[in-house]
Amino acid sequence: MSNVFIAFQANEESRPIVDAILADNPQATAVHSPGLVKIDCPQRLVIKRESIEEQIGRSFDLQQLHINLVTLSGNIDEDDDQFTLSWTH
């Protein structure tokens with residue numbers, strides 16, 4: 001089984017995003033490095049706008065993910081409500 005991953009700059013803006021991702025994806029694991037947080041997950045990782053909004057207490061546009069995004073691996077499927085990485089087509 002192959003992992004997908006996404007990595008963000010380790011800062012105050014990305015912390016609630018990482019927390020929301022880990023809450024919504026129980027198989028995901030976070031690896032913290034200096035200046036970077038990498039989240040690995042088997043096969044599929046879903047980032048939900050609603051979960052991030054619950055963490056930050058305000059509205060959130062998923063396009064804002066790109067501000068602190070460093071790299072990712074997997075096929076991307078995105079809309080206004082969720083951003084999904086997977087190895088399925």
Side-chain angles (χ1 to χ4, degrees):
M1 192 182 294
S2 297
N3 282 355
V4 295
F5 72 82
I6 191 165
F8 296 97
Q9 294 176 29
N11 59 35
E12 291 301 314
E13 291 178 3
S14 58
R15 185 182 312 183
I17 296 169
V18 170
D19 291 345
I21 293 170
L22 295 173
D24 286 340
N25 298 274
Q27 293 183 324
T29 57
V31 177
H32 296 264
S33 302
L36 182 81
V37 180
K38 181 181 176 210
I39 302 170
D40 290 291
C41 193
Q43 292 297 319
R44 188 169 189 263
L45 180 87
V46 179
I47 303 171
K48 299 177 184 176
R49 177 189 49 79
E50 182 179 42
S51 297
I52 296 170
E53 289 176 344
E54 288 173 10
Q55 289 284 331
I56 62 175
R58 61 176 170 78
S59 63
F60 184 81
D61 182 341
L62 280 179
Q63 292 298 309
Q64 292 175 269
L65 288 175
H66 299 281
I67 295 169
N68 292 297
L69 178 66
V70 175
T71 188
L72 54 79
S73 176
N75 297 318
I76 300 169
D77 182 21
E78 64 180 315
D79 59 30
D80 291 340
D81 295 320
Q82 67 183 30
F83 183 100
T84 304
L85 292 172
S86 69
W87 286 118
T88 56
H89 297 289

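Scope of the values below: all heavy atoms of this structure, side chains included, with no hydrogens, waters or symmetry mates.
- Here the shortest heavy-atom pairing between Ser14 and Phe8 reads CB-CB, 4.0 Å.
- Proximity of Leu85 to Phe5: side-chain heavy atoms (C-beta onward) are nowhere separated by under 4.5 Å.
- For the residue pair Thr84 / Ser86, no side-chain donor-acceptor distance below 3.5 Å is found, with atom types taken as modelled.
- Annotation: side-chain hydrogen bond (donor to acceptor under 3.5 Å, both in side chains) contacts involving residues 56-65, sequence neighbours excluded, comprise Gln63-Glu78.
- Applying the salt bridge (charged side-chain N to carboxylate O under 4.0 Å, His left out) definition to pairs two or more places apart or across chains, those involving residues 29-38 are Lys38-Asp40.
- Among all heavy-atom pairs drawn from Trp87 and Ser73, the shortest one is CZ2-OG, 3.3 Å.
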Sequence neighbours excluded and cut-off under 3.5 Å, please list the side-chain donor-acceptor pairs for residues 47-56, or say none.
unit_1, atom_1, unit_2, atom_2, d
Arg49, NE, Asp80, O, 3.3
Arg49, NE, Asp81, OD1, 3.2
Arg49, NH1, Glu53, OE1, 2.8
Arg49, NH1, Glu53, OE2, 3.0
Arg49, NH2, Asp81, OD1, 2.7
Ser51, OG, Asp24, OD1, 3.2
Ser51, OG, Asp24, OD2, 2.5
Glu53, OE2, Phe60, N, 3.0

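- Under the 4.5 Å side-chain heavy-atom criterion for Ile, Leu, Val, Met, Phe, Trp and Tyr, Ile76 and Leu65 are members of the same hydrophobic cluster.
- Grouping Ile, Leu, Val, Met, Phe, Trp and Tyr by side-chain contacts under 4.5 Å, direct or through others, puts Leu36 with Val70.
- At a threshold of 4.5 Å between non-hydrogen side-chain atoms, the residues Asn3 and Pro42 count as touching.
- Sorted by first then second residue, the salt bridge (charged side-chain N to carboxylate O under 4.0 Å, His left out) pairs that include residues 6-21, not counting sequence neighbours, are Glu12-Arg15.
- Val46 and Val37 fall into different hydrophobic clusters, defined by Ile, Leu, Val, Met, Phe, Trp and Tyr side-chain heavy atoms under 4.5 Å apart, directly or through other members.
- Contacts of Leu22 classified as side chain to side chain contact (heavy atoms under 4.5 Å, CB included), with partners at least two apart in sequence or in another chain: Val18, Ala28, Ala30, Ile39.
- The CG atom of Asn25 sits 8.5 Å away from atom CZ of Arg44, with the distance rounded to the nearest 0.5 Å.
- Two residues are said to be in side-chain contact when any heavy atoms from C-beta on lie closer than 4.5 Å; Ile6 and Leu69 meet this criterion.
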